[in-house]
Amino acid sequence: MDTEIELKFLLSDNEVPLIPGLIMQFAKTVKNKPAKNLKNAYFDTPNRELRALDIGLRTRCCDGDCEQTIKLAGQVVGGLHQRPEYNLPLDSTRPNLNAFKPNIWPHGMQVTAINDNLYPIFSTNFIRRTWLIETEQGSTIEVVLDKGEIVAQGQVESISELEIELVEGDRNDLFLLADHLVAMGGLRMGLYSKAARGYRLADDKPLTANKYIGVVKLNRHATQEKALVQCVNYGIEFVQKHEQCYFNKPSLKTLKRVIDGVNLIKHAFKLFTPIVEGRSTERLLGEIDWLMSELDWVENAIHLKTYTSKRHAYYKKINNADALAALIAELKAEQPSVNDIEDLFNSPRYNKLLLSLTLWLVDKGWRQEWSQNAVTAAELPIKEVANTAFEKDWHGLQSALPEGKSLSTEDYLSLRSRLDRALLSGNCLGSLYDKEIRQAFRTPWIDIAYGIYELETLAYLKLLCERQDSSELEEIKAWLVKKADFLVQAMEQSRKVSLNSMPYWR
């Protein structure tokens, strides 16, 4: 058995010719292996039983020699892929699961029944160039460049990937090489394997953006330290997924999901303050703040799009105000283009941030300057930590939303940061509690959060009107105020329900 420890990158045709030179600059010695034309077929049952177990089964043929490969469920930490792999020679084009040692399979897996129902799902065919390098520190790393295509159900998707795998030595050397490669620009970290992409193509299930940030799946018996790793890793994968969704189908809402993932990572650093020393995340937080500044225009852009969409109820009102419509058109023209955002996601600084977050996770960077209190806190049961965090958030919301006071538009607008933090705590730790009770408690608060977002849209449009010296906008301004007042009335009802609900963590 081998365990892959690799980082994967996606690159365009423009970067491919630069790879050999970059490798030569980094390595102490380089061994260039002959290029190979690899023909691969991936197998599963009609019910996708292997996929359900996170098992990949592949046959590969090159120059008349064939092998079958099993990749078992592993883990992805940030951008680092680690999976157990088993390879056997193959005399035919059909794989045979019974040829592998029986002790590799998950408990209860019906190996023979699955084997009898295998058929080819999709194929991947590509030219592979391989370099085996030795680093100055003595580590051995395999660098693989694949160019080709995935074929399934008559559909084709291109492959242009660079993988670097640690063969022997220090894992940090793998990250040093990755840092050297992404400094070129044009490379971005890849989250999805060829198998994952092939299954989506074969089953006609394209990658789609999430509607919500979702809830991190935690083991209720986990320690605080394990929960930290799971939360930050969830955030990184959420960012990477929606980065890819943006390349597939650019949209402002998809960029908002990227922002949501970054916010969850940042919140996790604060949520687990007892074990995350400030100095261990100081540089990471600085780079996160840079990324957020690059995307700080997105919410205003969504506000503009929301109220200028022909499908929106307010479209006619705003479009009939010539001065406001002209200003909105001007602001839209100033927004970054799709190419600008793709350049951001391909930039060295963005990808070095993802690499740094990944390295921080795998090297447990928070342990660098631990105090005894941090060591003790790390072993605390996460359920105990969650109860304390939720109580703190709850008391904060109650003080900001006193039951006997009627709140104004300004009161709700000032509440957003506090409410966002409380909801993010639930995204990080909420899976420890009953799902139905949790959702019943959170739903009114989520409604209020959406209401605040809508109020911000109205406030933004009102601000745009105030910047224009036009009498025709006075009517629009009055209309926006009326809409905000009506929305606040609805939010007040949600607040009453929220304050009377029993907290799900008690």
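Just so it is clear, the model here is predicted, and its values are computed rather than measured.
Listed for the N96 side chain is a donor-acceptor partner under 3.5 Å among the backbone atoms of N98. The backbone N or O of G286 sits nowhere less than 3.5 Å from a side-chain atom of W290 that would complete a donor-acceptor pair. In this structure, T443 contributes its side chain and Q439 its backbone to a donor-acceptor pair below 3.5 Å. S498 places a side-chain N or O within 3.5 Å of a backbone atom of S494 that can act as its donor or acceptor partner. For the pair Q224 (side chain) and A377 (backbone), a donor-acceptor distance under 3.5 Å is present. Side-chain atoms of W360 do not come within 3.5 Å of backbone N or O of T281 as any donor-acceptor pair. Of the possible polar contacts, none joining the N125 side chain to the I150 backbone as a donor-acceptor pair under 3.5 Å is found. Side-chain N or O atoms of D170 include one that pairs as donor or acceptor with a backbone N or O of N172 at under 3.5 Å. Remark: side-chain polar atoms of R58 are not paired, donor with acceptor, to backbone N or O of K71 under 3.5 angstrom.
Checked by atom type, the side-chain pair T45/N117 shows no donor-acceptor distance below 3.5 Å. Donor-acceptor pairing under 3.5 Å is recorded for the side chains of S12 and E15. Side-chain atoms of N346 and E342 include no donor-acceptor pair closer than 3.5 Å. Side-chain polar atoms of T254 and S251 form a donor-acceptor pair below 3.5 angstrom. Between the side chains of D393 and S425, at least one donor N or O sits under 3.5 Å from an acceptor N or O.
Judged as a salt bridge (charged side-chain N to carboxylate O under 4.0 Å, His left out), the pairs with a partner in residues 186-203 (not counting sequence neighbours) are, in order, R48-D203, D146-K194, E157-R197, E161-K194, E161-R197, E163-K194, R188-E243. Residue pairs meeting the salt bridge (charged side-chain N to carboxylate O under 4.0 Å, His left out) criterion with at least one partner in residues 260-275, sequence neighbours excluded, are K256-D260, R257-D260, K266-D289. Every pair passing ring-ring contact (aromatic ring centres under 6.0 Å, His included) that includes a residue from residues 174-213 is listed here, sequence neighbours excluded: F26-H180, F122-Y199. For residues 421-447, the set of pairs meeting the salt bridge (charged side-chain N to carboxylate O under 4.0 Å, His left out) definition, not counting sequence neighbours, is empty. Applying the salt bridge (charged side-chain N to carboxylate O under 4.0 Å, His left out) test to every pair with at least one member in residues 225-234, sequence neighbours left out, gives these pairs: E225-R367. For residues 418-440, the ring-ring contact (aromatic ring centres under 6.0 Å, His included) pairs, not counting sequence neighbours, are F390-Y433, Y433-Y504. Applying the ring-ring contact (aromatic ring centres under 6.0 Å, His included) test to pairs two or more places apart or on separate chains, none has a residue in residues 131-174. Applying the ring-ring contact (aromatic ring centres under 6.0 Å, His included) test to residues at least two apart or on different chains, the pairs with a partner in residues 229-255 are F238-H242.
Judged as a salt bridge (Lys or Arg N to Asp or Glu O under 4.0 Å), and not counting sequence neighbours, R418 has no contacts. Considering only residues two or more places apart in sequence or on other chains, C66 meets the disulfide bond (SG atoms under 2.5 Å apart) condition with C61. With sequence neighbours left out, Y453 forms a ring pair (Phe, Tyr, Trp, His ring centres under 6.0 Å) with H303. The disulfide bond (SG atoms under 2.5 Å apart) check on C62 picks up nothing, with sequence neighbours excluded.
Residues C428 and L264 have side chains in contact (heavy-atom distance under 4.5 Å, counting atoms from C-beta outward). A heavy-atom distance below 4.5 Å is not found between the side chains of E149 and I159. You'll find the side chain of K36 stays beyond 4.5 Å of the side chain of I127, heavy atoms only. For the pair S280/V276, a side-chain contact is recorded, criterion being any heavy-atom separation below 4.5 Å from C-beta on. Two residues are said to be in side-chain contact when any heavy atoms from C-beta on lie closer than 4.5 Å; L284 and S356 meet this criterion. Within the 4.5 Å cutoff, no side-chain heavy atoms of N87 are placed close to those of R60. Using a 4.5 Å cut-off on side-chain heavy atoms (C-beta onward), N351 and L187 make no contact.
The aromatic ring centres of F441 and W505 sit less than 6.0 Å apart.
Atoms CG and CG, on N387 and L432 in that order, are 8.5 Å from each other to the nearest 0.5 Å. In this structure, CG in L72 is found 9.5 Å from CG in L53, a value given to the nearest 0.5 Å. How far CZ of R128 is from CG of L145: 9.5 Å, rounded to the nearest 0.5 Å.
M24 CE: 12 or fewer foreign heavy atoms inside a 6.0 Å radius. Counting non-hydrogen atoms of neighbouring residues, nucleotides and ligands closer than 6.0 angstrom, the CG atom of D63 reaches no more than 12 such neighbours.
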> Between V144 and R129, does a side chain to side chain contact (heavy atoms under 4.5 Å, CB included) hold up when you go through it step by step?
Replying inline: CA-CA 6 Å; V144 170; R129 297 178 63 188; over 6 Å; no

